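Quick caveat: nothing in here was measured; it's all calculated off a predicted structure. Just the heavy atoms: all of them, side chains too, but no hydrogens, waters or symmetry mates, feed the values below.
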Amino acid sequence: MMMFVGLFLIAAWTEVAVAELPPGVQACPRTNDLAQYDRCVLKQLNAITPYLAKGIPSLKLPALDPLFLPSLTVDRNLEALKIKANMSQIRVYGATNFLIDELKANPNDLSVAIKVQLPHIHVNGDYDVQGRLLLLPLNGAGNFRGNFTNTEVQVSAQGREVTDKNGVQRLEIDKLLTKIRVGDGNIKLRAPPTHSVPAEAAATFFNANPRLVLDIASPIIEDTAGTVSRALAARALGVLTKTELLP
């Protein structure tokens with residue numbers, strides 16, 4: 001889901017098919033009938049979707065399936081979860097197979113909202129972690145794999161007009177709220193012999209209590225998704241001027 005925000009903003013705010021947009025993305029003329037406008041935006045999103053897996057270089061957007069994150073750092077101290085983790089070589093599979101439940105777009109106040117479902121997500125990468133989950137120590141390094149199903153995502157974004165260093169007016173994200181609920185999941189942790197015992201204990205605990213762990217980790221999941229979404233959306237919106245987005 002993480003980079004759908006940028007694409008959705010482009011689809012919601014673009015009224016002309018400028019050169020940077022993929023073929024097949026059509027204009028959505030302004031109208032006071034916001035329901036009609038939403039239907040047009042949905043049509044644009046469906047037109048963009050086939051390009052997501054390989055990315056859209058003209059918008060500086062990377063391939064989404066898999067989405068590659070070279071590194072990710074998590075440092076949080078929650079009541080039930082204290083964790084410092086450095087993750088690398090992360091690949092996320094399945095993010096292009098999303099289902100849109102609801103969307104609302106308003107080109108006048110630059111607000112957008114979308115609800116989607118992700119039936120299946122697979123994630124793998126390397127980890128180096130210290131901390132605790134409830135009373136369970138989290139210490140070690142190795143490789144992780146995870147399968148997650150029935151993920152529900154809600155994103156609300158508010159845009160604003162800005163002027164870049166060259167005096168060109170552009171649009172950027174002012175506020176972004178991400179709500180994520182992962183339905184179910186299981187993980188596998190592979191670690192060298194010195195870390196194999198805590199890795200097995202952590203994986204066993206998660207797989208026996210996925211709902212408990214996912215609910216505890218929800219703030220971290222949402223914060224991480226929001227941070228990556230902002231970065232990717234900024235890259236996409238930075239390619240287009242305000243005049244191109246809202247002529």
Side-chain angles (χ1 to χ4, degrees), residues 1-5 53 55 62-98 117-155 176-232:
M1 175 62 202
M2 290 178 289
M3 76 179 229
F4 295 159
V5 179
L64 184 60
D65 205 348
L67 174 64
F68 175 68
L69 301 174
S71 63
L72 183 64
T73 300
V74 177
D75 188 349
R76 294 294 296 270
N77 189 356
L78 306 177
E79 182 178 354
L81 177 59
K82 181 178 181 180
I83 183 172
K84 289 185 177 181
N86 294 311
M87 293 173 282
S88 60
Q89 302 301 305
I90 304 165
R91 287 176 170 81
V92 183
Y93 299 83
T96 58
N97 298 319
F98 61 94
Q117 295 183 44
L118 297 169
H120 179 253
I121 295 291
H122 173 76
V123 184
N124 63 53
D126 299 322
Y127 72 91
D128 187 345
V129 62
Q130 293 182 341
R132 63 166 177 81
L133 171 61
L134 298 174
L135 299 178
L136 178 68
L138 300 175
N139 298 297
N143 176 267
F144 71 90
R145 295 178 179 272
N147 289 290
F148 305 97
T149 57
N150 301 321
T151 299
E152 299 176 354
V153 182
Q154 299 182 42
V155 178
L176 178 68
L177 178 62
T178 304
K179 292 292 183 182
I180 299 175
R181 187 182 189 278
V182 182
D184 199 2
N186 63 80
I187 63 171
K188 293 182 180 180
L189 301 177
R190 294 182 179 178
T194 53
H195 294 149
S196 62
V197 173
E200 291 176 3
T204 298
F205 184 84
F206 179 95
N207 293 331
N209 307 277
R211 180 76 272 135
L212 172 64
V213 178
L214 290 169
D215 286 344
I216 291 174
S218 180
I220 296 176
I221 296 172
E222 292 175 348
D223 288 352
T224 302
T227 298
V228 177
S229 293
R230 276 183 175 273
L232 293 173

(request) List the steps, then state whether side chain to side chain contact (heavy atoms under 4.5 Å, CB included) holds for Asn150 with Asp184. (result) CA-CA 7 Å; Asn150 301 321; Asp184 199 2; 5.7 Å; no
(request) Take Gln154 and Glu152, measure what side chain to side chain contact (heavy atoms under 4.5 Å, CB included) needs, and give me the verdict at the end. (result) CA-CA 7 Å; Gln154 299 182 42; Glu152 299 176 354; 5.8 Å; no
(request) Apply side chain to side chain contact (heavy atoms under 4.5 Å, CB included) to the pair Val92 and Phe148, showing each step before the final yes or no. (result) CA-CA 11 Å; Val92 183; Phe148 305 97; over 6 Å; no
(request) Evaluate the side chain to side chain contact (heavy atoms under 4.5 Å, CB included) criterion for residues Phe205 and Leu134: first the C-alpha distance (whole Å), next the side-chain angles of each, then the deciding distance (0.1 Å), finally the verdict. (result) CA-CA 11 Å; Phe205 184 84; Leu134 298 174; 4.0 Å; yes
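Considering only heavy atoms from C-beta on, Phe144 stays 4.5 Å or farther from Arg190 through its side chain. With a 4.5 Å cut-off on side-chain heavy atoms, Met87 and Val74 count as touching. No side-chain heavy atom of Val155 sits under 4.5 Å from any side-chain heavy atom of Ser229.
The minimum heavy-atom distance between Ile220 and Arg76, with the atom names listed, is CG1-CG, 3.7 Å. When all heavy atoms of Val153 and Leu118 are compared, the pair lying nearest together is CG2-CD1, 4.2 Å. Annotation for Val129 and Ala85: closest pair CG2-CB, 3.9 Å, computed over non-hydrogen atoms. Heavy-atom minimum distance, Gly226 versus Thr178: CA-OG1, 4.0 Å. In terms of heavy-atom proximity, Ala199 sits nearest to Ala191 at CB-CB, 3.9 Å. Closest non-hydrogen pair, Gly140 versus Tyr127, comes out as O-CE1, 3.7 Å.
Taking NZ from Lys82 and CG from Leu138, the interatomic distance works out to 11.5 Å, rounded to the nearest 0.5 Å. With rounding to the nearest 0.5 angstrom, the CG atom of Asn77 is 11.0 Å from the CD1 atom of Ile83. Rounding to the nearest 0.5 Å gives a distance of 12.5 Å between CG of Asp215 and CG of Leu81. In this structure, the separation between CG on Asp126 and CG on Leu72 is 12.5 Å, given to the nearest 0.5 Å. A distance of 9.5 Å separates OG1 in Thr151 from NE2 in His120, rounded to the nearest 0.5 Å. How far CD1 of Ile221 is from CD1 of Ile216: 11.0 Å, rounded to the nearest 0.5 Å.
Side-chain atoms of Asn139 never come within 3.5 Å of backbone atoms of Gln130 as a donor-acceptor pair (strictly under, hydrogens ignored). Arg91 places no side-chain N or O within 3.5 Å of a backbone atom of Asp65 that could act as its donor or acceptor partner.
The aromatic rings of His122 and Tyr93 sit tilted relative to each other, their planes meeting at an angle between 30° and 60°.
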